[in-house]
Amino acid sequence: MNKDQHVEFLLRLGDNSLVLGHRLSEWCGHAPVLEEDIAMTNVALDLIGQARMLYSHAGEIEGKGRDEDAIAYLRDVLDWRNCLLVEQPNGDFADTMARQFLFDVWNFEVFSALTKSSDEQLAAIAAKALKEISYHRRHSGDWVIRLGDGTEESRAKMIAALDRVWGFTDELFQMDDVDKAALAAGIGVDLEALRPAWESHVGAVLAEAGLEKPSVTWSVKGGRTKGHHSEHLGFLLAELQFMQRAYPNSNW
Amino acid sequence: MNKDQHVEFLLRLGDNSLVLGHRLSEWCGHAPVLEEDIAMTNVALDLIGQARMLYSHAGEIEGKGRDEDAIAYLRDVLDWRNCLLVEQPNGDFADTMARQFLFDVWNFEVFSALTKSSDEQLAAIAAKALKEISYHRRHSGDWVIRLGDGTEESRAKMIAALDRVWGFTDELFQMDDVDKAALAAGIGVDLEALRPAWESHVGAVLAEAGLEKPSVTWSVKGGRTKGHHSEHLGFLLAELQFMQRAYPNSNW
Amino acid sequence: PAKRTAFDEKVAAEGKIEPRDWMPEKYRKTLVRQISQHAHSEYVGMLPEGNWVTRAPSLRRKAILLSKIQDEAGHSLYLYSAAETLGVSRDAMLEALHDGRAKYSSIFNYPTLTWADVAAIGWLVDGAAIVNQVSLQRCSYGPYSRAMVRICKEESFHQRQGYEAMMALAQGTPEQKKMAQEALNRWWWPSLMMFGPSDKDSPNSEQSMAWRIKRDSNDDLRQRFVDMTIPQADYLGLTVPDPELKLNAETGHYDFGEIDWDEFWQVVNGNGICNRERLQNRRDAWDKGAWVREAAMAHADKKAARKLAAAAE
Amino acid sequence: PAKRTAFDEKVAAEGKIEPRDWMPEKYRKTLVRQISQHAHSEYVGMLPEGNWVTRAPSLRRKAILLSKIQDEAGHSLYLYSAAETLGVSRDAMLEALHDGRAKYSSIFNYPTLTWADVAAIGWLVDGAAIVNQVSLQRCSYGPYSRAMVRICKEESFHQRQGYEAMMALAQGTPEQKKMAQEALNRWWWPSLMMFGPSDKDSPNSEQSMAWRIKRDSNDDLRQRFVDMTIPQADYLGLTVPDPELKLNAETGHYDFGEIDWDEFWQVVNGNGICNRERLQNRRDAWDKGAWVREAAMAHADKKAARKLAAAAE
């Protein structure tokens, strides 16, 4: 695995965290209940913290002097490597929780595996993150259950929400050259191999929620491996990056 | 009237046009009927065209080498001088038309007066713009009538929409030092004196729509004269300016 | 039968079939499908470009883009009108779009990720559309043929503007040039796919050609587009993402690589990045606009009733 | 009367009144009004800062800001709980907020227009809040007093972070310094207004002071804030927008100009830029969240019923 691939592998992880953290932070002050303002902000904080560690580590390996902010604020859309799932708009609370849950379950498996990465720094980051992600997974899973097993209305909304995001999950298990190189080097994860664990956990929660696995047949990919995103990411970046773009070379 | 005031006076006009044109352009492809996609895009185009002429003229008078794009793309929020009314979010179609109508009627009076400006370039711009604004005013007025005199639902929405924007209209008639200097120099307009004509036209259309003048008592000001905007403008600018901020010193 | 013969003779003689003329039911149906699909494409096609209106990099480009989108709305309107002459209402056509029965050009299921994509759409997508539409100017159905004449004029204007926008990028900073190349990389093959399946896989084409609804085969039109576009790409200094592309000295045409028809069908069948969003956007605009359309009708009725009442007094 | 005497004596002896203790009805009402207003202020106060979360200029600042807002949500929660000890439910308090009967601190009706406004809120608004809250730590009502102790610790942390963010701007580029100065210009006077009307125009204060709900007068607290803040502004190299401001050598306090109480009342009474939006935001979050809260309750009920049924088997 060459250095570029190593950096790219880390950016994929970091971009997932930052973009999803950003989406959650958009809820700030608008949650359905005060306790969720706290809980969602907490998850957003964890994710942004993970992105910072991953970016700093990537910047060090790259060795070109980019720090966490240069990586977060000075790349345009085609250079982002998050999966399509996390950049999808918040929608309603069911949409947000469906997106979060499907990601959290995957992320938990990924970071579990990464605790054994031969990249020791990455393994340390993963060990720290895993405790947080374990909470995230429980939190979003609880909401899938509450909404699925709540009222008629909440159940209908949760079903619709799962249908809307399900087609973005295949991308999570796709292995390209970078992933294979990372795996071969003992740095990365066999994403394909995570699918059974993901399906089993997701299935168990859906069962508890009284929900079926969505039967949608569409599936899209390309954000994480090629930077082929949906049109939503560009608007997210315009907001995220405004200050650093408008006031370059400033310390904050 | 000094040069700074002259430039400021022109920017106030241009910023109104650009910001409202931007808001209308957000409807692009989302109008309630195809004919309105065409009509609203048309109004947006007129307004953006007016902003370009006003900015270019302001840039020439200023004499510091700023062109229309430098003025539009490289000022942050406190340097914008549009009135609060035009930066308000689109809301639903009734909100958009209420905002547009109250502005169009004012804008028509302003540009009518400006056709006699001693700034000949401005007078020429006003003469061209006036034909366009005359169409805008008819278009938005027709919709106020249609919605007010349409269904129960549309009437309720139009009443709510007028209530939501009415408190932004006092600002349109406020005269500060810049306005007074522009008036004294024969360049500007006596905004206070426009109120009766505005009220009369607005009143006639509301009457035809079967609507009352809103009875809201709040009133806010400060966008046009001090750059004290609402929180909406910053997000609008993040989108508007993204490309010029992210790729400085490029030709497009 | 006599009517049938008259129809066939008129078509054969390059005459135009008009709305009141007798026509075979299948001719009518084929046209309705094709014209409404074309109308939907213009309508849906506003969205990927509309995505950049608020972020256009200069006021001049913003005005050009808005004006282009306005033209597309206009094209959509002519085309719906042309289809309406065949006895189907715009609302019925929109209903078919909204519930997924009717199609629109699959190219619009690709996202516009950078400003260069907007330029590339103008250059390539409008370029491909023109090749197709120039051919359709000779379509046997009068209203469609005339709509094409009108639309082609505007489209070639758009195509020139798109090319010029691409030129500004190709001659710009390294970032701009990179953005232009990446756009070409993403839009090249989908543009070739716009002409539809290869002739050998295009079973409906034969009847359409006989009826002169369609005047040139998919592969012929595609070749025409390639021949026209490669020199433009060369002039821009951009590389077309096809290693097999080269001028064939014998035929005088460019040979090009195999199209990935699997990708084509993937996107047609729902797996493009934007399929769901495009349709949802159109449905949302329609649903959220329902009360506005109802209000306009209610007002028009009231107004008419008042006029009538006044006249009766 | 015996209870009344016991209450008065306890208050006079700096004892804490607890929820189960007897208290005059007006004491209870005053506290409910004050504590719920304080809770609403924390809740609504999330919005002007939340406005910059997605645009924070560095990841570190973004994390600090999010964490601060999370703390505010927490404060709001303690305060609602403190008020609930007086027999009023959180839902009832929110209803009063949503229909405009209950107030929140009027400072949050000003918009955050630049990043420097976020820094200024941390420095000035949290600074003013702390002065007030430190005083309220000695409030006679136990739960409120204890909430203040806990909140004050976090608030002073926020205030230091705000000051530090302001410092980064004041020591930054000319644009940053300008942004900082403009924020101070806009937030200075509203911060002074946070302490409420002058003592002479504050008729309710006397009873609150007697009951030790309030421990210091508005003007005393305001003076304390000014004395604390001016040296900080000097250190930042920023100019407080008050030409009459100067240290009074005799008193050792800063004298300052007349507050524009007309502006104060204008904003309190609905003419701030954000009054409508803040309330609408809170109402929208509440209304759009109704189905989520209902679902959570329905699920909890079903779960409890299932547990009961299982136990009965």
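Note that the structure is a prediction, hence the values are computed from the model and not measured.
Proximity to chain B involves both the backbone and the side chain of C/R55, based on heavy atoms less than 4.5 angstrom apart. The part of C/L169 that comes within reach of chain B is its side chain, from C-beta onward, which places non-hydrogen atoms under 4.5 angstrom from that chain. C/K288 does not touch chain B: none of its heavy atoms, backbone or side chain, sits under 4.5 Å away. The contact between C/L47 and chain B is made entirely by side chain atoms (from C-beta outward), counting heavy-atom distances below 4.5 Å. Using a 4.5 Å cut-off between heavy atoms, C/M179 contacts chain B through its side chain alone, with no backbone atom that close. With a 4.5 angstrom heavy-atom cutoff, C/L77 touches chain B via backbone and side-chain atoms both. Within the 4.5 angstrom heavy-atom criterion, only side-chain atoms of C/T173, from C-beta onward, approach chain B. If you measure heavy-atom distances from C/K303 to chain B, you find no contacts under 4.5 Å at all. For chain C, no part of B/W27 is nearby; none of its heavy atoms comes within less than 4.5 Å.
Heavy atoms only, all atoms of each residue included: B/P32 and C/R293 are closest at O-NH1, 2.9 Å.
C/Q176 places a side-chain N or O within 3.5 Å of a backbone atom of B/N251 that can act as its donor or acceptor partner.
With respect to the salt-bridge test (charged N to carboxylate O, under 4.0 angstrom), the residues C/R90 and B/E35 qualify. Note on C/R60 versus B/D67: no salt bridge recorded, every NZ/NE/NH1/NH2 to OD/OE distance being 4.0 Å or above.
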